[in-house]
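Every number for a ligand or one of its atoms is a count from 1 in the order of the listing.
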Amino acid sequence: MTITITAFDRSPDGGKGLARDTRIRWALEETGQPYDVRLVPRDEMKEPAHLRRNPFGQIPTYEEGELVLFESGAIVLHIASHHAGLLPDDANARARAITWMFAALNSVEPSILEIFIARILERDQPWATDRLPVVLDRVRERLGLLSDRLGDADWLDGAFSAGDLMMVSVLLRARPSGVLDEFPNLAAYVARGEARPAYQRAFAAQLAVNTRP
Ligand code: GTB
């Protein structure tokens with residue numbers, strides 16, 4: 001059955017791979033699943049056709065036959081659960097990999113999103129300059145603990161898994177602020193993720209969309 005995902009018609013990042021369709025493309029590439037992409041123009045995101053795919057009118061979404069999913073975590077988990085390559089066979093190791101996916105989305109991504117909010121969305125607010133250092137310190141605290149846990153391991157729990165895919169995707173969004181590079185083992189971890197052939201294909205595919213004439 002054909003898999004169709006949605007992505008921005010033009011991502012605001014111009015193809016840096018920071019929009020959340022990249023993590024879905026990456027999961028599909030890791031598991032060898034071909035897919036189509038429906039590009040959603042900004043002015044159609046809150047229209048009924050797209051709201052039927054995602055009640056919040058956002059990308060990414062996932063369609064496969066009658067199944068329609070939204071939320072990048074749920075989509076990656078669905079892909080990882082149905083195709084080999086992203087979750088270990090051992091039940092406990094599988095549960096731990098899924099735990100790292102949730103950790104990436106619930107314990108790490110929110111603080112990193114605050115950087116984007118402070119630097120871009122709220123940059124004209126009178127308190128923006130005072131707020132950014134506080135936001136960055138909160139991210140530093142979280143990344144410091146993650147860095148301690150990763151230590152000099154390649155991946156968070158044994159072999160590369162959907163947990164690493166999600167954590168690398170989330171950490172990538174901290175790089176433009178410079179805070180990721182304060183933690184050399186995390187920066188190297190992200191670079192390891194980016195070096196994977198499946199990531200390279202996913203990145204190239206979204207870049208082609210966002211740099212087309
Ligand atoms: N929790 C949802 C998920 O994980 O799928 C969040 C989905 C989401 O935030 N989607 C964003 C969106 O559709 C795109 S990825 N926004 C449009 C809207 O809400 O109307 C977030 C994103 C946007 C821009 C950049 N960037 O420019 O760098 C990076 C990431």
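Listed by number with element, the atoms of ligand 1 under 4.0 Å from a non-hydrogen atom of P60 are 5 (O). Set against the non-hydrogen atoms of A19, the atoms of ligand 1 under 4.0 Å away are 29 (C), 30 (C). Listed by number with element, the atoms of ligand 1 under 4.0 Å from a non-hydrogen atom of M45 are 13 (O).
Under a 4.0 Å heavy-atom criterion, F8 is in contact with ligand 1. The closest approach between K46 and ligand 1 falls below 4.0 Å for a heavy atom of the residue.
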(request) Test side chain to side chain donor-acceptor pair (under 3.5 Å) on E64 and Y62 and set out the steps. (result) CA-CA 7 Å; E64 187 180 12; Y62 175 103; 2.7 Å; yes
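Pairs passing the ring-ring contact (aromatic ring centres under 6.0 Å, His included) check and including a residue from residues 148-188, sequence neighbours excluded, read W26-F160, W155-F160, W155-Y189.
By the neighbour-count criterion of 12 heavy atoms within 6.0 Å, atom CZ of R201 is densely surrounded, having more than that number from other residues, nucleotides or ligands.
Among protein heavy atoms, the minimum distance from atom 19 (O) of ligand 1 is reached at Q58 NE2, 2.8 Å. Atom 5 (O) of ligand 1 has as its closest protein heavy atom S72 N, 2.9 Å.
Between the side chains of N185 and S147, at least one donor N or O sits under 3.5 Å from an acceptor N or O. Side chain to side chain, R23 and S72 meet the donor-acceptor criterion of an N or O pair below 3.5 Å.
A salt bridge links D9 and R212; the closest N-O separation between the charged side-chain nitrogens and carboxylate oxygens is under 4.0 Å.
Remark: the backbone N or O of L156 is paired with a side-chain donor or acceptor of D164 at under 3.5 angstrom.
Contacts between F70 and ligand 1 below 4.0 angstrom, taking non-hydrogen atoms only, are absent altogether.
Considering each of E109, M166, H50, E71, the one bringing a non-hydrogen atom nearest atom 2 (C) of ligand 1 is E71.
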